[in-house]
Structures are given as structure tokens and as C-alpha cells.
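Here the structure is a predicted model, which is why all the values come from computation and not from measurement.
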Amino acid sequence: MCGIVGYVGRQPAAPILIEGLTRLEYRGYDSAGIAVLGSSGATVVRRVGRVRELEAALPKRLAGTVGIGHTRWATHGPATEANAHPHSSEDGRISVVHNGIIDNAGALRARLGAEGVTFSSDTDTEVLAHLVARSGAGALEDRVIDALEQVVGTYAVAVLDAEQPDRVVVARNGSPLIIGVGDREMFVASDVSALVRHTSSVVHLDDGELAVVTAKDYRTFTRDSHDTGRVPTEIEVSADDVEIGAHGHFMAKEIAEQPETVARMLRGRLDTRFGTARLDGLNLSPRELRAFRRVKILGCGSAYYVGELGALMIEELVRIPAHAEAASEFRYRNPIIEPDTLYVAVSQSGETADTAFAVREIKRKGGQVVGLVNVVGSTIARECDGGIYLHAGPEIAVASTKALTHMGVGFALLALLLGRVRDLSVADGQRIIAGLERMPADIAAVLADEERIAGLATELSAAESLFFIGRVRGYPVAREGAQKFKEISYRHAEAYQTSELKHGPLALIEESRPTVAVIPDDELTDRNLAAAEQVLARGGRVVAISHPGVDLGPLDDRRVDVPRNEVELDPILLMIPMQLLAYHAAVALGLDIDKPRNLAKSVTVE
Ligand code: F6R
């Protein structure tokens, strides 16, 4: 969703801000703007539309070396230039960019209005600019503290004062904010991808923290002015990770790099001798792991669907009940938290508000929660008691692909460890390890069949509406397949349990409404085949996602084969052709694949 960048240093700020905003485009936005401090105060330029339109609108001479920038996703007020950030005080002295929502903006606007302030936008953020400007305090950081004392809500903010042009003041409460430490220059961003070209040394602010950032230094402190002395940490992300390279789209790049990223994720985590996984980051002893009698998985959207797949894996390998639920529902239903349940929060971004709230609710009630998170240092990663980093590298395309595969692998590792402290034998543990070790090559084998899958995808793209069906292990795969397809092709795609088809949806089967059926080589193959043949018999068309050697009979001409791995791990691989089907359908339709309409990469609002 919204993105923040900031710069204080020796170089002209504008190109650095524009480049940073370009890196944040993938998060989804509808307008953008920057403010740069120069000898005659702040120059603020804002535009509705893309960052390149903002860049084209910048004055030729914009030499200031201190500035802030923002990409906005409209919440309060429509996407107009007046509502785009930065917002300024009436005299233009203060400029503010903000991610998040100020809950008491209405009351603050009314109060400021009564005091004679004229508003120039519909946003909640503008309130902050006026509050900072009207604070009686001297230093900008004290003014920002004063303003934030009056505010209820979530925020990451960056503030400039034309009369203190050596600094940017930033604050965080519920929305991520990072400082990048350079050589006599500092960067500010809501997301590391905006910084990685400049530095790998970063400081993550915590909720309730502020920082004053100058070219030479930064200081972190709390709202009651206690220094927190945060030191920088090194991030693993490189500039290449956020470049599109030779690929047409980030989604294509992220699909293609999975063999390599999965191999990287597994490095050092497999203990072949004892048939188990090494997951020190969980911070749980074997005795503690053994004491859990249930596992509850929480995530949103695709992360929730992979959570369903993870729950099945855990039930199969650990033989304890495991269940996944949408975090967005869980948090609203006063959930029962049990001491002998291991809660697992799963999230690519680590910033999804609904999942973060679920984590807090579990912790508030004394539950034990670990994270399966991709972004290092993100909110969910830091708030969980321990976790497994997914190490998929930055995922830029809005539609998640490689991070989901990594989540599947993460659940396999967790299931292996939990299984081996219970009744999973060494031999079975070693069997799963061998399967995981084959996974990168198996993914590469699916990707090698891309051209044929693209042909089937083009055919499917012509349909207005589709079914994705699967049962038991195949059902989460079908759910994720439908999700990916609808997200980027804008076609209606509905997932159904294959077993439930005959209880209603068969009525909808016709030639123009094709079905993608997950038919793995397992104990349910015959039943899955029988159901798919019922679809054919009613004039439907079926694309089968299957394993080599399965006799698909009349479905044979539209099959996609995935290498057979271990039966518990097969669903991870069965998701790969789903990614390619969705991607190539969207290519065939000529759509904006990396930035589908109405969607944002990380959903940081409720
Ligand atoms: C689908 C997709 C979303 C996310 C969901 C959770 O392609 O990207 O459904 O999976 O918004 O996001 P994270 O994993 O960041 O918590």
C-alpha cells in the first residue's frame, strides 16, 4: 500500500527520492509526491498516476539535498493531486508523508478548523502537518512528539521543517519504517526495497519510536524522549534482487527463480543423519515442541491457503490435529487460545494488519506463536516468539508465487521437526528430507514445461468463468490456483472440493466454463478421475494437473505433469503449474500483471 522514502545527505535528493518511489511502485498506489528542502523553503510536487508522471513534472533545478516522498493508496478522500502526499502546513514550513490511518482525524480537523486552520485536502494526514506547525516546541523532533501525543491511530511518518533543513524526523506506530545508514548520508523508507541500491545497513524502528535523521547521524528515542540507541543490522537483500533483469515481469522472474531460492532456503536446515530439521529460530526445545497437542495456522489470502496445505502436512507427519484459519476472521471472533496449541502466523510481507492483530491477540491471551515470514525484521517476524524465515528474497509482483512455495517448504520443515520429536521414524524423516532435496530440480522440471502450460493458459483465458477443483491435499492447491488466476486475469475462478461438485456446482458445467482439476497420483486418483469425467460428460472442458504415469483416459490431451515427489510434499509442487497458468492467462489478456487493479502488495489496513 502507501510507501515512504526520505533522504538527507550530500547528493541532490530528488533523483534518489524518485528512484526510491519507483522501487515502491509494486506495493500499489494511485498518486505520488515529493518535498525537497532548498534555500527558499520546501518545493512540493505531487501528481495523480505513476511516479514517472511525477518525475516529468519536477522543476529542472531542484538542488536540495534533504527530502521526503510518498506513494499514496487512497483511504481518506479520492485520488487527487490535493490529497496526494506530502501535505504541508498553511505557511509551507512543515511537510509530512504518512502511511496508516489517523482514527481521530475527524475530531482533530473539527478542532483545528474551529481554531481557524484552512484545510487543502480531505486527508487524515494533513491534520499532522498543522499539528506539527502549531506546536509550541522548538526542535522539530519535539514538535512531532507534541503532534503525535494528540493522535490516535497507526502511522509511519516522515516530517520536514524548512527552518531546520538539516534533518528528517520519522516516527512509527503500527506501520513499518526503516532508516538506511550510508556514508555521510541517510535514507528513510517504509520498505527495504527502496534502500537496497544505497546501503545494506538498516535500523528498524519499533512501534512508539521516533528518530531524528541527519546526514551524519541518527538518534532513536521514545515519545517520552528516552534514547533507545538502536544499532544498524545488515540486510541480505541485494540490488539485483529487486531488478527485473531479462524477464518481462517480476512475476515471471519470481516464478523462474524458485529452484534457486528453495535450494537456498533449505541450506543448513536439513539434518539427514537424524532425519529432522534444524530450526533454531523457533526458540523451542524438544520438550516444549513435544508438549504441543495441536497446531493452529493463521494467515490471509494465499498465505491462508498454503496454511491449509501446511495443516494437512502436519497432521500427516506429526499425527496431531492441525487447522488453518483466515487471520482476518480469527481476530474478530474472540478466539479461544489454548496453552498446548502451537500457533503459526504465516506471511510473506510480515506486515499484513489482520495477521499482525491475530498474533497480538494470541500473545495477549498467553499463547505461543511462531512466524513463517519472508521479510526479515518485519512487524510479524518481530512480534512472534520465534520463527522460520522463508528466505525467498524480495517478492515484488503483487501476486505471490515464490513466497508461497517457500511457505509450503517452511511447513514441511516444521512438520518434520514436530514429527521427529513425536512418532515420525528416522527413516520417514529421511524420506521427507530426500524429497525436499529433490524439490529444486522438480520445480525446474515443471518450469521446463512452461511453453505447453502457456498454450493451455491462453485457451483458459478466453473463459469468463472457471472452476478449480481438488480434494484433500489437492484442495488448497485448487484454492490457491483459483486465487492466482482471478487476481491477475480478472476472470471469475472458483475453487471447489472435487467431492462436493456433485452437490451443486455440476449444474454450472458447460463448454464455456472450463475446469482445472488437481489429480495427483495418490489414494484418491480414481475418485478424482471419476469426478473429472463427470465434468466431461456434461460438456465441460478439463485441464488436469497430474503426475506422470497416471492414466487420465479422455483427459489425456490437456494434462500438465508435475514430477512425483513424496506424497506429503506433492502439493507444494502442484502449485507451480497454477502459477504459470495464471501468469500466461494474464499475458494472453494483455493485463498489468505485476500490479493488478485494486490490489496492494501488503495489506497494512484492516
Ligand atoms: C495473493 C496474495 C495475497 C497475500 C495476502 C497475505 O497472491 O498475494 O492473497 O497472500 O494478502 O499477504 P502476506 O503473505 O504478506 O501476509
Side-chain angles (χ1 to χ4, degrees), residues 305-313 315-317 324 404-405 408 412 435 442 445-446 449 452-453 456-457 459-460 463 465-486 493-511 513-582:
Y305 301 144
V306 186
E308 290 188 311
L309 190 152
L312 278 165
M313 241 185 244
E315 288 206 346
E316 289 196 86
L317 293 171
L404 302 178
T405 305
D442 288 350
V446 184
D449 203 16
R452 236 175 48 76
I453 299 174
L456 292 168
E459 194 184 305
L460 291 175
S465 170
L466 304 90
F467 277 113
F468 283 71
I469 59 170
R471 79 169 78 196
V472 190
R473 298 183 202 100
Y475 180 53
V477 176
R479 292 192 90 180
E480 171 46 23
Q483 164 97 334
K484 206 87 312 152
F485 206 91
K486 71 181 90 166
E494 186 173 351
Y496 236 88
Q497 285 110 332
T498 310
S499 54
E500 283 287 301
L501 216 54
K502 58 185 178 294
H503 296 294
L506 267 186
L508 287 169
I509 297 300
E510 56 185 56
E511 209 199 332
R513 199 172 285 124
T515 298
V516 178
V518 184
I519 310 182
D521 183 8
D522 62 10
E523 64 283 9
L524 295 167
T525 311
D526 289 346
R527 287 177 188 280
N528 282 326
L529 267 173
E533 281 177 26
Q534 283 185 30
V535 173
L536 282 188
R538 280 152 186 82
R541 283 179 292 145
V542 178
V543 169
I545 312 293
S546 191
H547 285 132
V550 174
D551 179 2
L552 291 177
L555 307 173
D556 205 50
D557 59 334
R558 284 201 187 85
R559 72 185 291 160
V560 174
D561 280 332
V562 170
R564 182 76 214 269
N565 195 289
E566 298 302 323
V567 73
E568 299 89 341
L569 303 179
D570 281 337
I572 304 173
L573 288 164
L574 291 163
M575 287 197 300
I576 309 289
M578 297 296 191
Q579 302 172 350
L580 292 170
L581 282 178

Legend entry - Nearest atoms (heavy-atom pairs only) where Val306 meets Gly408: CG1-N, 3.6 Å
Legend entry - Separation of Glu566 CD from Met313 CE (nearest 0.5 Å): 12.0 Å
Legend entry - Closest approach of Arg541 to Arg558 (non-hydrogen atoms, all atoms of both residues): CD-NH2, 3.9 Å
Inset, instruction - Please report the closest heavy-atom contact between Arg559 and Leu456, naming both atoms and the distance. - result: O-CD1, 4.3 Å
Legend entry - From CD (Glu494) to CZ (Arg513), nearest 0.5 Å: 9.5 Å
Legend entry - Check: Phe467 main-chain N/O paired with Thr515 side-chain donor or acceptor under 3.5 Å: no
Legend entry - Under 3.5 Å donor-acceptor, Lys486 side chain and Ala493 backbone: yes
Inset, instruction - Working to the nearest 0.5 Å, report the span between CD1 of Ile576 and CG of Leu581. - result: 12.0 Å
Inset, instruction - Taking Thr525 for its side chain and Pro520 for its backbone only, find out whether a donor-acceptor pair lies under 3.5 Å. - result: yes
Inset, instruction - Using the side-chain contact (heavy atoms from CB on, under 4.5 Å) rule, pick out the option among Leu555, Leu501, Thr498 that qualifies with Val535. - result: Leu501
Inset, instruction - Decide yes or no for Glu308 and Arg479: does some side-chain heavy atom of the first lie under 4.5 Å from some side-chain heavy atom of the second? - result: yes
Inset, instruction - Dump the intermediate steps for side-chain contact (heavy atoms from CB on, under 4.5 Å) on Glu533 and Val542, then the final yes or no. - result: CA-CA 9 Å; Glu533 281 177 26; Val542 178; over 6 Å; no
Inset, instruction - Quick one: closest heavy-atom pair of Met575 and Leu404, and the distance? - result: CE-O, 3.9 Å
Legend entry - Note, Glu568 side chain near Glu316 side chain (heavy atom, < 4.5 Å): yes
Legend entry - Flag, side chain of Asn565 to backbone of Asp570, donor-acceptor distance under 3.5 Å: no
Legend entry - Minimum heavy-atom distance between Leu312 and Pro476, given as atom pair plus value: CD1-CG, 4.2 Å
Legend entry - Any Gln579 side-chain heavy atom under 4.5 Å of Thr405 side chain: yes
Inset, instruction - Taking the side chain as every heavy atom from C-beta outward, state whether Ile545 and Val562 have any atom pair closer than 4.5 Å. - result: yes
Legend entry - OH-CG distance between Tyr496 and Leu508, expressed to the nearest 0.5 angstrom: 9.0 Å
Inset, instruction - Answer yes or no: is there a side-chain heavy-atom contact under 4.5 Å between Ser499 and Arg527? - result: no
Inset, instruction - Taking all non-hydrogen atoms of both residues into account, name the closest pair between Pro571 and Val477 and its distance. - result: O-CG2, 3.6 Å
Legend entry - Heavy-atom donor-acceptor pair, Arg564 side chain to Asp521 backbone, under 3.5 Å: yes
Inset, instruction - Using a 4.5 Å cut-off on heavy atoms from C-beta on, say whether the side chain of Phe485 contacts that of Val516. - result: no
Inset, instruction - Answer yes or no: are there more than 12 heavy-atom neighbours, outside Glu523 itself, under 6.0 Å from its atom CD? - result: yes
Inset, instruction - Kindly compute the distance separating CD (Glu500) from OH (Tyr475), expressed to the nearest 0.5 Å. - result: 9.0 Å
Legend entry - Within 6.0 Å of CG in Asp551, more than 12 heavy atoms from elsewhere: no
Inset, instruction - Side-chain contact test, heavy atoms from C-beta onward, threshold under 4.5 Å: evaluate it for Ile519 versus Leu529 and give yes or no. - result: yes
Inset, instruction - Start with the C-alpha distance between Asp522 and Arg473, add both sets of side-chain angles, then the distance that settles salt bridge (Lys or Arg N to Asp or Glu O under 4.0 Å), and finish with yes or no. - result: CA-CA 10 Å; Asp522 62 10; Arg473 298 183 202 100; 3.2 Å; yes
